[in-house]
Structure formats: structure tokens, C-alpha cells
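Throughout, residue positions are numbered sequentially from 1 according to the sequence presented. Only heavy atoms go into these numbers, but all of them, side chains included; no hydrogens, no water, no symmetry mates.
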Amino acid sequence: MVSNAVVWLLVLLASVAAAFAWMANEPLPLLGALLALILSIGIWVLSGLDTRYALGAFVACMVVFLVGRMVIAAVFGSEGRAVGILGTNFRDPAIVSYSIAAIFVACLGMMLGAMAVALLARAPKTTMSRDDPARIRPLRTTAIVLLAFAVPSYALQSLALASFVGSSGFYEVRLNYQSPLPLPIAVLASVLDVAFFGYLATMPSRRHVGIASAAYLGALATSLLTWQRADFMLGALTVLVYVFFRNATETTGRRWITGRGVAVALVAFLPMVALLGLVNQLRGRTTGSTFPGFGIVDFFFDQGVSVNVIGYVKEFESLIPQGRYYSFGSPIELWMSRVAPLFGSGQEFVGQSAERAADGHQLAHTISYIVMPQVYLTGSGYGSSFVAELIVDFGFAGLAIGALILGAILMVIPRWMQRGWFARLLSLLLVQQLLFAPRASLTQWVVLPFSPPVLAVLILMLVVWTFSGYQGRLGVARVDRSRHVV
């Protein structure tokens, strides 16, 4: 096991190198310092993987969405692409250095936050909070029934959307698509995640987890027919996080992660990535492979486009409206569109329009309209990134503090998942949304539980849990009375 002293030394050296490279506006050395920092985080995560897997998954997503593009451009070059320095959209080294420095500060802040939690809790909790099996059984049955309806409903929804995409184009979805399916099917499709996570929260056996995961991921795979990858990718990553959790908390000695399982995952990984790259080509974002590796390298290059959002924040900082608090954009818009109208005020945020970009609180809309207004109005966009949002709202100091908090949360999640089924369910919902934060809004995870269908499922499961406990106590009381009669 690598000692913390070695990790701290790597972090110190990377930080010093990054400072000098940034002052000199040298993007390539700065990228090297960032990779050294990520390596040190990886070493630290692997030295205590049973409690740090959530942090490791998030850093892996940061590498894919924010760093991989620049690394690939540095290794293979990018002459076949109409791009700038290190595969970005910029030819000004100051903007590229700014972007890399922002990612560096975010990674460093997350690592410090995670280490702080590890130091404050030197004796990690290793015993699970065991839920009453008699109360878990009806809860598990409820989740299975919901899942049985949600899986085919989601598949039907995807097929209907795929038909529209095939005839009208991918980007028309955000502007003109109206589902032809009955409302109950759309509602059931929207609770697929919470139903599946609710089932996982009951701690089923490995075989049953495998069956349920196959059904869940199979349903999500139908979304690839609509040329969308996010649902499938986030679902697969969340299942992976859950497997690490079960592997870390297994008390029977039977490991969930085995050499055979790792080998199968590695074999399946490459064709899956190639398939996801093909989806990107179908959307019209790329014209084909320009790097070696049968489209696999191209996939990671294309996924790293979110680094451009950070650069555009710097390039167009004078055009971005101030005081919008994009970091909290999702809950702000939730309040303004669903809660404020109950008090006679509020505002609706729908579609993609100039007004939506100017008046809204989502950086994804604002920056996309500023950079490419005509393309944005046709349904396309750049997305966002928690790094860019925190910089716009609070500067580099706010980015460091926000990343510190995020790192602490990612370290606490494995502990939350040991505190009973409901904490486990909420943790899985949180993980699924947080893993997308490198290329999406920081606080979109706040909105998901307040979706009426998801909220209804959470309430239903709490009612089942409460009622089963009442039934259990009533049964015990009856047994006690019968003993007294005898």
C-alpha cells in the first residue's frame, strides 16, 4: 500500500509544476501536471478502494468528459480535426491554460475534501445497519412489480422516440417531439431508475442483482436507438458503483468482484465503447474515425468536448449574465416553475429560445446560445460542467470550496449506503446524477426526487415499509396475547 506521504509528495510536485506552467501560459506542461495530480488521486483511491470507490468513479468521469480529449490530441495529434490547441476549440494558449487550471483546482479541491473526511473518520464504519427481513420482503416485492412495468414502458418510449428521430432528426426532439404513447406508459418509464435502485437497496442476492441489472440495462440500451447515450452510460456506472459497495460490505467471504468478472467486463468494454462512438456519428457530431483504435479513441476524444465550456466561460465572460447562480440553476428553475406559481408568481422554462438562454439559470442554455446562437435554436448545445458553473458564480475560490464539498460528499456516500435501505436508495439516485456533473449542471440531482412520479414511488415505498412494520408489531402483540391466554 502506498503511504499518504508519497501521495502528498506527488500532489505537491504537481501543484508546483501547475503553478509555473499556468504563469507561463504553457498548456502542455500544465496538462502534464494535471495528469500527475489525477495519478496521485488514483493511487490514493486504490489504496482504500472499499471506502473510496465513489470518488474514483467521479474522477474517472472527469477524465472522460474533461481531460481525455486533450490527452488524445497530445498523444495522437489532431490534424484530422478542425480544432485548436490540445484538441480544444481555442488557439489562444491563455484560454486553454485557464481551462486546464480550472480542472486542476477542481481535482485538487475534491481530493482535499475526500482526505479531510478520511482523516476525521479514521475508524471507518464496517458494520451494516441491518433492516428487518420481514419488512424488506414487501418492499422488495413492490420494487419488483414497479420494475416489471417500468422496463417495457421505458423500451416502448425509446422505440417511439427512435421512430421520430429516424424521420425528423435527433435535434428536432428538443423542439417538436410529443410522445404518442398514453400518459401511464410515460409515467412508468420515468420511474425506471427509482424502481431499480429501490430493488437494489433491499440488498438482494448476487444472482438476483444480475438478473435485475440485465433487465434494467437492457431497457436503457434501447435509448441508444434514439442516438442518446447518457441514460445507458449513467445506469451502467451506477450499477458498477453498487457492485463495489456490495463487494466492500460482503460478510460471507464471497466477493462480488472476481478475476473472471473483471475479464468479462474488459472484453465487453471495448465493443461497447465502439458502439457508443457509432451513436455519436449517427447524431452528426463526427464523420468517422480519425484516430487509430476502431472508433474507440474517437469516442473518448468526442466525449471530452465539455472542456470547451470552461474555455468559453473565459472567452465570453463579459457576455454571460451575472447573478444567475448557474451552480444552483436546476433547483432555482424548479422553484420558479413549480412552486412559485402556487403563490401567484413564477416563470416557465421550456424549449430552446433566446429568451430561455437570457433569462434562465442553466449555463448549458446560456453558453450554447452565446457561442452558436443559430445552432442552439435548432436544438443543439454544448451542455454544461460543474467546473464552469462554479467559476462563473464564485470564481476560482468558489470552485475550490465547491470541489472540496463535492469530494467530501463522494467520500461520505459509501457510509450513507450502509445506513439502511432508504439511505441506500437516495445515495444511488445521488450517485447517478453526480457522475454526470463534469458535463452537466452541478445540482441537477436536487430536481430528480421532486419529479412527481419519482416522489410518488418514494412515498409508496415508505408507506409499504411503515405498514409492514406496523403489521409486524401487531403480529407480535397477538402472539403475546395468545401466550397469556394459554
Side-chain angles (χ1 to χ4, degrees), residues 143-198 212 214-236 275-276 278-285 330 333-334 337-338 341 347-353 355-357 360 362 364-365 368 375-381 383 429 432-433 436 440-441 444 447-460:
I144 290 173
V145 171
L146 288 171
L147 194 59
F149 283 99
V151 165
S153 297
Y154 185 94
L156 287 173
Q157 179 176 267
S158 295
L159 292 175
L161 182 56
S163 176
F164 178 87
V165 169
S167 61
S168 303
F170 174 75
Y171 297 106
E172 286 293 317
V173 171
R174 301 176 188 175
L175 301 178
N176 300 314
Y177 179 69
Q178 291 183 342
S179 176
L181 299 176
L183 181 60
I185 292 181
V187 171
L188 287 169
S190 68
V191 301
L192 175 63
D193 291 327
V194 69
F196 176 63
F197 296 156
Y216 171 68
L217 294 177
L220 294 181
T222 62
S223 67
L224 298 177
L225 299 174
T226 70
W227 305 352
Q228 299 182 76
R229 300 160 300 184
D231 285 359
F232 179 77
M233 291 175 63
L234 291 177
L275 175 61
L276 294 175
L278 176 62
V279 171
N280 203 48
Q281 293 181 30
L282 293 173
R283 289 166 62 168
R285 286 292 180 90
S330 295
E333 291 194 354
L334 173 69
S337 61
R338 295 186 183 178
Q347 183 178 353
E348 194 70 26
F349 299 96
V350 294
Q352 294 189 193
S353 63
E355 294 75 18
R356 172 78 172 87
Q362 297 281 356
H365 289 271
S368 296
V375 177
Y376 167 78
L377 294 176
T378 62
S380 186
L429 289 171
Q432 184 194 40
Q433 297 302 311
F436 209 44
S441 177
Q444 65 179 6
V447 175
L448 181 66
F450 291 98
S451 164
V454 173
L455 190 60
V457 170
L458 293 176
I459 293 173
L460 172 63

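The OG atom of Ser451 sits 6.0 Å away from atom CZ of Arg338, with the distance rounded to the nearest 0.5 Å. Interatomic distance, Leu220 CG to Leu234 CG, rounded to the nearest 0.5 Å: 9.5 Å. Atom OH of Tyr154 sits about 11.0 Å away from atom CG of Leu159, to the nearest 0.5 Å. Glu333 CD to Gln347 CD: the interatomic distance, rounded to the nearest 0.5 Å, is 8.0 Å. With rounding to the nearest 0.5 Å, the separation of CG in Leu181 from CG in Leu188 is 11.5 Å. Atom CE of Met233 and atom CG of Leu224 lie 10.0 Å apart (nearest 0.5 Å).
Residues Leu147 and Leu192 have side chains in contact (heavy-atom distance under 4.5 Å, counting atoms from C-beta outward). Phe197 is listed as a side-chain neighbour of Tyr216, based on a closest heavy-atom distance under 4.5 Å. At a threshold of 4.5 Å between non-hydrogen side-chain atoms, the residues Ser179 and Phe164 do not count as touching. A 4.5 Å side-chain heavy-atom check between Ser380 and Val375 finds at least one atom pair inside the cut-off. Proximity of Gln228 to Leu161: side-chain heavy atoms (C-beta onward) are separated by under 4.5 Å at one or more points.
A donor-acceptor pair under 3.5 Å is formed between the side chain of Ser190 and the backbone N or O of Val187. Put simply, the side chain of Thr222 never gets that close to the backbone of Gly218: no donor and acceptor are under 3.5 Å apart.
Contact between Gln362 and Ser330 at its shortest, heavy atoms only, is NE2-OG, 3.4 Å. Pairing each heavy atom of Ser223 with each of Asp231, the nearest pair is OG-CB, 4.1 Å. Summarising the geometry of Ser368 relative to Gly381, their closest heavy-atom pair is OG-CA, 3.4 Å, with the distance given to 0.1 Å. For the residue pair Phe436 and Ala230, the shortest heavy atom distance occurs at CZ-CB, 3.9 Å.
Applying the 6.0 Å contact sphere to CZ of Phe349 captures more than 12 heavy atoms from other residues, nucleotides or ligands.
No option in Leu146, Leu455, Leu460, Leu429 other than Leu429 meets the side-chain contact (heavy atoms from CB on, under 4.5 Å) test with Val194.
The aromatic rings of His365 and Tyr376 lie perpendicular to each other, with more than 60° between the two planes, well past the 30° mark.
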